[in-house]
Each structure stands twice: as structure tokens, then as C-alpha cells.
Amino acid sequence: MTAVDGDPAASETYDARALQDKWRARWQKETPFVADEDPADDRPRSFVVDMFAYPSGDLHMGHAEVYAIGDVIARYGFQRGRNVLHPIGWDSFGLPAENAAIRNGTHPAEWTYANIETQAESFRRYGVSTDWSRRLHTSDPDYYRWNQWLFLRFFERGLAYRKNGLVNWCPKDQTVLANEQVVQGLCERCHTPVVRRSLNQWYFKITEYAQRLLDDMDQLADGWPAEVLTMQRNWIGRSQGADVAFGIEGRDEPVTVFTTRPDTLFGATFFVVAADAPLADELCTPEHRAAFDAYRAQVAKLSDIDRQSTEREKTGVFLGRHAVNPVNGERMPIWAADYVLADYGHGAIMAVPAHDQRDLDFARTFDLPVRTVVDTGEPEPAGSGTATTGDGVLVNSGPLDGLGKDDAIARIIAILGERGTGTGTVNYRLRDWLISRQRFWGTPIPIIHCPDCGEVPVPDDQLPVVLPDDLAGADLAPKGISPLAAAESWVNVDCPACGGPAKRDTDTMDTFVDSSWYPWRYCSPGYDAGPFDSAKANKWGPVDQYIGGKEHAILHLLYARFFTKVLHDLGMLDFTEPFTRLLNQGQVINGGRAMSKSLGNGVDLGTEIDSYGVDAVRLTMIFSGPPEDDIDWADVSPAASLKFLNRAFRVMVEAGAASEPGTDPAAGDLALRKATHQAIDKVTAAVEIQRFNVAVARIMELVTAARKAIDSGPGAADPAVREAAESVAVMLSLVAPYVAEEGWERLGHTGTVAIGNWRPADPALLVRESVTCVVQVANKVRDKLEVAPDITADELEALALASAKAQAHIGDRTIRKVVVRAPKLVNIVVS
RNA sequence: GCCCCGAUAUCCCAAUCGGCAGAGGAAAAUGACUCAAACUCAUUCAAGUGUGGGUUCGAAUCCCACUCGGGGCACCA
């Protein structure tokens with residue numbers, strides 16, 4: 001620049017903290033971001049939800065990233081004049097609060113609500129366009145009451161039920177876990193190896209929805225990351241096959257197994273039952289009892305990680321009994337082994353060692369016969385040790401001989417069907433969702449256990465079942481049963497059915513129940529006739545854009561999808577999928593790893609904000625790259641962001657000082673006007689496809705163009721400079737709301753810049769009078785022509801061939817072909 | 001072991017349909033301002049797109065194989 005001498009505005013830098021205080025107070029007073037519930041409001045609606053926060057301490061860099069990204073999307077909606085619902089809430093039940101309470105000798109509510117206030121304060125400072133009137137906390141009785149209400153609706157439909165079985169138990173947290181919460185044999189939360197226990201627990205019957213969860217992914221193909229859909233598909237794990245009933249010697253009832261390869265039935269040479277299934281116990285003959293009991297005890301001691309290791313040698317014991325192959329009457333020894341899972345299929349398998357690697361490994365360990373029934377052209381599995389699992393020609397299989405795999409499967413299913421010993425069927429890897437937790441800080445399960453009446457639901461009008469408030473500190477220490485069991489006055493109640501003495505269920509619900517339906521609560525906060533007002537939920541829902549981390553690819557997102565379908569079936573929601581579009585933001589990493597307290601590589605958000613201001617931190621998050629990418633804090637520079645914001649600010653200040661709002665830009669400098677409209681066009685396109693980093697780059701270009709126009713062009717008073725500066729304020733408001741508001745005010749405007757100010761680019765200013773056309777000869781650029789954008793291919797070809805430079809390179813070679821891509825390129829192909 | 005994603009300048013990242021590899025930023029260098037430094041401003045700088053093939057008039061972009069990095073799944077019969 002060459003700072004304009006004597007003009008104080010020219011070198012003015014903004015005071016981030018002062019702007020934050022000033023505009024925050026104003027937004028709080030004027031609440032510009034409240035969604036409009038007026039039925040007459042027919043603007044297009046936009047429902048933008050950021051995954052709600054868990055209140056552990058203050059907001060950190062990870063939060064800063066999600067909310068910066070979510071806010072760009074929400075604010076873009078506001079700018080485009082949509083009726084935006086952008087709410088906030090806290091996922092405030094859960095273990096960390098309880099552990100803190102045990103440590104500090106307090107009630108979990110103290111820690112929870114103190115942290116929520118801290119986060120809410122930071123959140124307000126962060127300048128997110130939030131509708132605060134809809135704020136919710138899942139630990140409020142007003143909220144969890146509806147978890148209980150929904151539980152009872154599930155219970156009535158048989159979708160909530162209690163069963164005894166082997167469950168995942170975390171020895172550290174002293175509670176059971178759902179399948180989804182066990183990651184590679186470790187507790188998802190504390191990474192302790194999970195063990196199995198036999199307990200009577202509550203489940204939600206998500207398996208009943210397995211097929212719909214799979215099918216409805218078609219609706220999500222455009223709006224969800226493919227990766228997440230793949231993970232869910234794998235998790236649900238549909239497999240198609242057949243159930244086949246095997247007679248058991250010395251037992252009246254046959255045992256059914258599931259197989260995906262019924263075509264290999266003639267190759268079954270032995271039979272395996274899951275060692276930990278009751279069936280194994282039952283089938284074991286007295287002579288083999290001792291060996292079996294010893295084996296079963298050994299299996300019970302194994303952790304999940306050990307048990308699931310594929311490196312492990314196969315183990316098992318013979319049970320002394322035989323099964324009978326329904327197609328050829330062959331006797332097959334029955335073994336118990338731990339490579340067969342008790343809770344998948346029927347807990348028993350027919351072993352076909354030639355065509356299943358696990359069975360082959362087992363057969364080789366225990367010297368059991370291997371019979372090839374599908375000739376794939378590969379070496380014999382018995383000798384090679386490698387099972388052949390591909391397609392081939394059936395052999396040694398009676399009526400199936402000569403058929404291919406698919407035909408053989410169809411044929412054998414037909415045969416089994418005629419005999420009544422088998423049928424085609426589908427199995428899923430997905431298990432029912434175990435929701436009981438033996439912990440305090442969650443939603444009490446609204447069931448009363450009566451010695452006479454059994455499981456009796458708490459009547460709706462007695463909800464909520466509120467947590468007792470006299471348990472705190474050491475009372476909550478994990479002891480393997482729920483701390484609630486110790487609250488005698490709370491536990492002992494009259495049975496709602498018979499009036500006799502009864503006891504409350506003392507478990508609480510998995511907190512993923514809380515987060516499975518919260519978006520709908522946002523639509524009608526405070527509603528007291530149900531969890532939400534269906535009319536409102538149907539008006540706003542489904543969520544147009546959901547923003548959150550990939551760590552919930554299966555857990556939360558699968559549960560929320562399941563809940564939405566159940567709510568649909570209950571007639572409470574019109575739609576069947578909760579989130580139309582999903583954006584998984586990356587992580588903020590430092591030193592190669594995700595920032596975390598335990599690793600000590602965290603960068604404190606508050607410190608960064610104190611140093612550079614909210615706008616610069618937000619801009620840093622957005623500008624670092626595409627939103628899905630991780631941000632390595634070593635690669636980014638909030639200082640550089642601040643530098644740019646100051647440049648932008650000065651442009652707005654100088655334009656504001658030099659002209660009045662409402663100046664007609666038509667009289668302004670044409671080159672700058674074109675740059676402005678080009679920028680608007682490009683920024684709009686980039687925001688639409690969620691390339692926010694590119695949008696910022698385009699705003700930077702516009703600021704540079706405006707700077708040049710002021711310094712060495714038509715000057716600050718030119719109407720085009722005002723138009724550019726105003727556009728900067730509007731577009732920048734998505735990312736840096738404080739500077740944008742202040743700039744807008746300095747440009748002479750009253751009222752917020754954030755709402756309804758996005759003007760489309762003027763098409764007349766986007767057209768170019770000429771474009772550069774490259775003329776290639778044999779793929780090398782030899783000339784450039786300035787041509788009209790609407791030039792025809794023929795005209796352009798003629799021009800290119802007439803080019804002296806091109807002709808010089810063509811020389812005496814023959815022109816074989818001329819490729820014309822009007823108006824940008826002509827390639828003259830010569831021999 | 002299987003599946004998915006990625007690799008562009010010193011670094012972070014751009015590049016409609018396959019059409020001049022570079023928009024933006026960082027770092028660096030030079031200059032202006034300054035007693036000086038910082039700030040600010042201006043200018044400059046660099047890669048032929050991980051490797052090897054293929055398709056094409058033309059490939060960062062499409063296809064195949066490989067290398068490296070990241071992620072997911074992994075006894076589910």
C-alpha cells in the first residue's frame with residue numbers, strides 16, 4: 001500500500017475481543033437466529049443439526065471445528081433467506097459425570113450442569129447462529145421422561161424385552177455394553193478388555209429392523225459418505241443361506257444349523273456346537289463330561305480379544321454323540337468348540353472342511369475327514385490346507401453332481417424343502433441392542449418387578465421415574481449391580497397392577513437412547529403431551545444436514561435410524577430416515593495424533609481465541625482444507641487468518657468512510673464489478689458443494705481486488721468498491737461473523753449482516769467479451785487467440801488454421817484431424 | 001488376510017465433461033515504511049501431478065498393476 005498517508009482508517013486493525021463483546025450482546029438481545037414457527041411463513045425451511053456435545057469440561061478444538069463447519073451451513077441458509085432451525089443441546093447423562101462425582105463426593109448433576117454452563121458460555125462466545133430457545137439437556141427429567149415413555153411404547157410392541165444371556169461386561173466401568181460399544185474386544189469408552197457374563201438384561205429389538213435399515217440406505221446414497229454406509233452395511237451383515245435340520249442320535253428333536261453354503265451339504269464331515277451354548281451342555285455324554293467341563297471353563301476365561309484372534313489354533317472337545325446328515329444319512333461326530341458363536345445363527349454348524357477355512361483348520365487339528373464336493377480346479381484342500389471357497393462343479397453330491405454353485409444351492413433348498421428338513425433363509429450379524437446399564441447417571445428403566453404380576457410397566461401418568469437425589473459420591477461407586485439398588489425407599493414400591501409390594505428395575509438406559517431421537521425434541525421444546533409434537537417434527541424433519549464425527553458411523557447413527565423407523569411405525573413421524581445429509585468433519589490433530597487430554601498434545605481453544613479472536617480461529621478451521629479432512633494444527637496459522645481478516649476489515653472500513661449505503665453500483669468500475677460478481681458466483685458454488693476452503697480463497701481474491709481498486713484504481717469512493725466491500729461482509733459472515741457484522745456497520749448499515757443478504761451474481765457481469773483459445777499443433781500450444789465466447793466450432797477452426805504460428809509448426813506435414821472444443825481449444829493433429 | 005479412501009511446489013491445499021497444471025494460504029527471498037524491529041504493503045520464487053503400463057488427438061482426472069500413507073472389517077458358518 002503504501003498506507004494512504006494520514007488516513008487512520010487505512011491502518012486500522014480490529015479489536016477482536018471488543019467486537020466479540022459488542023456483537024454477542026447484540027445477538028443475545030435481538031435473537032436473529034430464532035426459527036420462525038409462524039404457519040404463514042412459507043420460506044423454504046432448513047434444519048441443521050450439529051451432533052450435541054457431551055459436557056466434559058470446556059469446549060475444545062474438536063468442538064470448535066464441528067461448530068465452525070455446521071455454522072457455515074446454517075448461516076448460509078440464513079443468508080439465502082431460508083427459515084433455519086439450528087438448535088443446540090447437551091448429551092448430559094453418562095459415565096464421566098458419575099466418575100467425577102465418585103471422585104469428588106458429589107452428585108453427578110453438580111459436575112454436569114456446571115460444565116454445561118461453562119460450555120454454553122464458550123458456545124455463545126464462539127458466535128454460532130443458534131436458536132437458544134430450544135436448548136435441551138438429556139439429563140433433565142423433562143427430557144428423560146420421554147425416554148421412559150418411548151421405552152414403554154417399545155415394550156408394548158415387543159420391541160423392548162428382557163432376556164438372559166451372555167453379555168459384554170466391562171470390568172472397569174462395571175457395566176454391560178452393547179455389541180456396538182465393544183471395539184475389537186475392548187470397551188469403546190475406557191479400552192478395557194471386555195469379558196462375557198451371563199445376565200438378565202433389557203434389549204431393544206433392532207434386529208427386527210435389520211432389513212429396513214439395509215434397504216433404506218438407498219435413500220442416503222446421495223447425502224451420506226459412502227464410507228459410513230459401507231460400515232453400516234458390514235455391521236448389519238446380511239447373509240443369505242439355508243437352515244438345515246440335522247437329526248441327533250439319542251435326541252428326539254433335530255438341531256438346526258444355518259449355512260450360507262447348503263450346496264456343500266454332502267461335504268459335511270462333522271458337526272460343531274458353540275462351547276458356551278446350553279446345547280453343548282445338553283448334548284454332552286457322561287463319558288465326555290469331565291473333558292467338556294474343563295474345556296468350557298477354559299473358554300469362559302478367555303477375553304474377547306483372545307477369543308476372536310484368527311491367529312489362534314483351533315480348540316474343541318468331542319461330545320461323544322453323533323448327528324445325522326439329512327441328505328445321506330451319514331453319522332457325523334459332534335464337537336464343542338469356541339470358534340462357533342453361541343449367539344449367531346443357531347449356535348451350531350455343519351462343518352465342511354473342504355470349503356471353509358475355519359472348519360478345515362479344525363479338521364486338521366483334530367484329524368477329522370475332509371471331503372471335496374466342489375471341484376474348483378484348485379489343489380485338494382485336504383492336502384493343501386487351503387479351503388476352496390469359490391464356484392465350481394459339484395462332485396460326490398448325489399443329485400447335485402455336475403451343477404454349479406448357484407444352481408446347486410437352489411436345488412438343495414428345493415430338496416430339503418420337499419423333505420421338510422430345511423429352508424432358504426437370511427441371517428444378520430446385527431444383534432439386538434442391549435440397553436441396560438448398571439450405573440446411576442442415566443434414565444431409570446420404567447418397569448416394576450412384581451412377584452405376582454412379573455414385569456409391570458410404570459403407568460404413563462406416573463412418569464417420569466426420577467432418579468433419587470440422595471445418592472452421591474461413594475454411593476455411586478461401581479459394585480456390579482446398579483447403585484440404584486441401594487436406594488431402598490426408591491426401589492420399593494407398590495405394584496401398579498395388584499398393589500402388592502414390588503421393586504423398581506434398578507438399571508438405567510444406555511445413553512445412546514437419549515441421542516436417538518433428540519432432533520425431534522428440538523422441533524417442539526417443552527412439549528408435554530409426548531416426546532415431541534408430531535406436526536412440528538414432520539414440518540421440520542428430517543434433518544437436512546447433520547454434522548458430526550465419524551466415530552459415530554455405526555453407534556449413534558444406526559440407533560437413530562432405528563428409532564426413526566420405530567417412531568414412523570408408531571405413527572409419530574412421516575419419514576423413515578432421520579438425516580438426509582451427513583457431513584463427517586475430520587479431527588484436529590497435533591503431532592500426528594488426535595488432540596486429547598491424555599496424550600497431552602492438546603492446544604487450548606480458549607488460549608487460541610484469546611490470542612487471535614473467535615473469527616480467526618473459525619477461519620483457520622474452515623480454510624485449512626475440505627471439511628472431511630483432518631486438520632493438523634502444525635500446518636495451519638491462526639495468525640495468518642487474523643492477517644487476512646484485518647485486510648478484509650480495512651477494505652470495509654475504507655469503503656464505508658468513502659461512500660453511503662444505497663449507492664448504485666452500476667456507475668462503478670467495471671473490472672471490479674466483474675470481479676465481485678465472479679466471486680459471488682464462485683463462493684456460492686463452493687458453499688453449495690461444501691468446499692468451504694475454496695469459498696474462503698475466493699473471498700480472499702475479492703479482498704485483494706478491492707484493495708487494488710482502492711490503492712491504485714478508481715479509489716475508495718467508487719461505487720464498485722462499496723459493492724465489493726459489502727459482498728465481502730455478506731460472504732465473510734458465514735465464517736467470521738464478528739468482523740462481518742462490524743464491517744457491515746462501518747459500511748453504514750444498521751441491523752445484522754447475517755440474514756437474507758446473499759444476492760445472486762448478476763449474470764450480465766459474469767459474461768466475458770472474449771476468451772483465450774489455445775491453438776495446439778500436435779498437442780503443443782503454439783498460439784493463443786482472443787475469441788468471442790459464443791464462437792462456432794467452424795469459425796474457430798478456420799481462425800486456428802489461419803494462425804501464422806500454427807502454420808509455421810504445421811509446415812509441410814499433413815493435417816490428419818482437427819479437434820475443436822469451442823471456445824477454449826483447438827488441436828491440430830498432424831502426421 | 002479382505003475392502004475402501006488418498007498421494008499435485010518446502011508445507012497446507014486448488015484445478016466443471018479428459019483440454020494451457022496453480023486459485024488461495026504458509027514458509028522463503030527482495031524492496032517500501034521504521035533509528036531499528038515487529039506490523040503493514042508490494043514484488044518474486046518454485047512442482048509437471050507416488051511408480052510402471054494402457055486407452056485417447058489430448059490424462060492430475062479414465063483403466064490395470066505396484067509402492068507408501070490413512071481408515072474400516074476380520075473365526076458371523
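Naming convention: chains lettered A, B, ... in sequence-line order (proteins, then strands); numbering from 1 in each chain.
Residues A/V826 and A/L799 form no side-chain contact, since every pair of their non-hydrogen atoms from C-beta on lies 4.5 Å or further apart. Side-chain contact between A/M350 and A/T269 is absent, with no heavy atoms from C-beta onward closer than 4.5 Å. Within the 4.5 Å cutoff, the side chain of A/R429 has no heavy atoms near those of the A/R238 side chain.
In this structure, B/rA28 and B/rU44 make a Watson-Crick or G-U wobble pair, each of the two defining distances being under 3.5 angstrom. For B/rC13, the paired base is B/rG22 (Watson-Crick or G-U wobble, both distances below 3.5 Å). Of the nucleotides present, B/rC68 is the one that pairs with B/rG6 by Watson-Crick or G-U wobble criteria, both distances under 3.5 Å. A 3.5 Å limit on both hydrogen-bonding distances identifies B/rG1 as the Watson-Crick or G-U partner of B/rC73.
A/R431 comes within contact range of at least one nucleobase, with a heavy-atom separation under 4.0 Å. Residue A/V257 is out of contact with every strand shown, counting any heavy-atom pair closer than 4.0 Å.
Aromatic ring centres of A/Y203 and A/W433 lie farther apart than the 6.0 Å criterion allows.
Separation of the C1' atoms belonging to B/rG52 and B/rA59 is 15 Å when rounded to the nearest angstrom. Taking atom P on both B/rC12 and B/rU55, the two are 34 Å apart, rounded to the nearest angstrom. B/rC45 and B/rA28 have their C1' atoms separated by 8 Å, given to the nearest Å. If you take atom P in B/rC63 and the same atom in B/rG1, they sit 25 Å apart, rounded to whole Å. For the P atoms, the distance from B/rG71 to B/rC64 is 25 Å, rounded to whole Å. Across B/rG50 and B/rU67, the matching C1' atoms stand 7 Å from one another, rounded to whole Å. Taking atom P in both B/rG58 and B/rC20, the straight-line distance is 15 Å, to the nearest Å. Comparing the C1' positions of B/rC13 and B/rA60 gives an interatomic distance of 14 Å, to the nearest angstrom.
Donor-acceptor pairing under 3.5 Å is recorded for the side chains of A/T772 and A/E786. Counted by atom type alone, A/Y344 and A/S239 present one or more donor-acceptor pairs between their side chains at under 3.5 Å.
With salt bridges taken as basic N to acidic carboxylate O contacts below 4.0 Å, one links A/D783 and A/K805. A salt bridge is defined here as a Lys NZ or Arg NE, NH1 or NH2 lying under 4.0 Å from an Asp or Glu carboxylate O, and A/R618 with A/E65 fails to meet this definition.
Nearest-nucleotide positions on RNA chain B for A/D359 and A/D630 put A/D630 closer to the 5' end. Each of A/G237 and A/V694 lies near RNA chain B, and the nucleotide nearest A/V694 is the one positioned closer to the 5' end.
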Dump every N/O contact between nucleotides 52-55 of chain B and the protein below 3.5 Å, one line per pair.
none

Give me the distances for all protein-to-nucleotides 56-59 of chain B N/O pairs that come in under 3.5 Å?
residue	atom	partner	partner atom	Å
B/rC57	OP1	A/K817	NZ	3.4
B/rC57	O2'	A/N779	OD1	2.8
B/rC57	O2'	A/N779	ND2	3.2
B/rC57	O2	A/N827	ND2	2.4
B/rG58	O4'	A/N779	OD1	3.3

List, with names and distances, any nitrogen or oxygen atoms from the protein found under 3.5 Å away from nitrogen or oxygen atoms belonging to nucleotides 24-26 of chain B.
none

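Note: A/F362 and A/W335 have perpendicular aromatic rings, judged against thresholds of 30 and 60 degrees for the angle between ring planes.
Judged as a side-chain contact (heavy atoms from CB on, under 4.5 Å), and not counting sequence neighbours, the contacts of A/M61 are A/V588, A/M595, A/V603, A/L605, A/E608, A/M621, A/W633. Taking the side-chain contact (heavy atoms from CB on, under 4.5 Å) definition, one finds that A/D343 meets it with A/R196, A/L341, A/R431, sequence neighbours left out.
Among the nucleotides B/rC75, B/rC13, B/rA77, the one closest to the side chain of A/N693 is B/rC13. Checked against B/rU43, B/rA77, B/rG72, the side chain of A/K708 finds its nearest nucleotide in B/rU43.
A distance of 5.5 Å separates CD in A/Q678 from CG in A/L766, rounded to the nearest 0.5 Å.
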Which nucleotides of nucleotides 1-10 of chain B have their base under 4.0 Å from a protein heavy atom (B), which only their sugar-phosphate (S), and which neither (-), written as one string 5' to 3'?
-> ----------
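Put simply, the side chain of A/D391 gets close to the backbone of A/K405: a donor and an acceptor are under 3.5 Å apart.
Residue A/V272 comes nearest to A/A337 through the heavy atom pair CG1-CB, 3.6 Å, listed as atom of the first residue, atom of the second, then distance.
Judged by the 6.0 Å distance and 45° axis criteria, A/K314 is positioned over the aromatic ring of A/Y339.
For A/R429, a side-chain nitrogen or oxygen approaches OP1 or OP2 of B/rA74 to under 4.0 Å.
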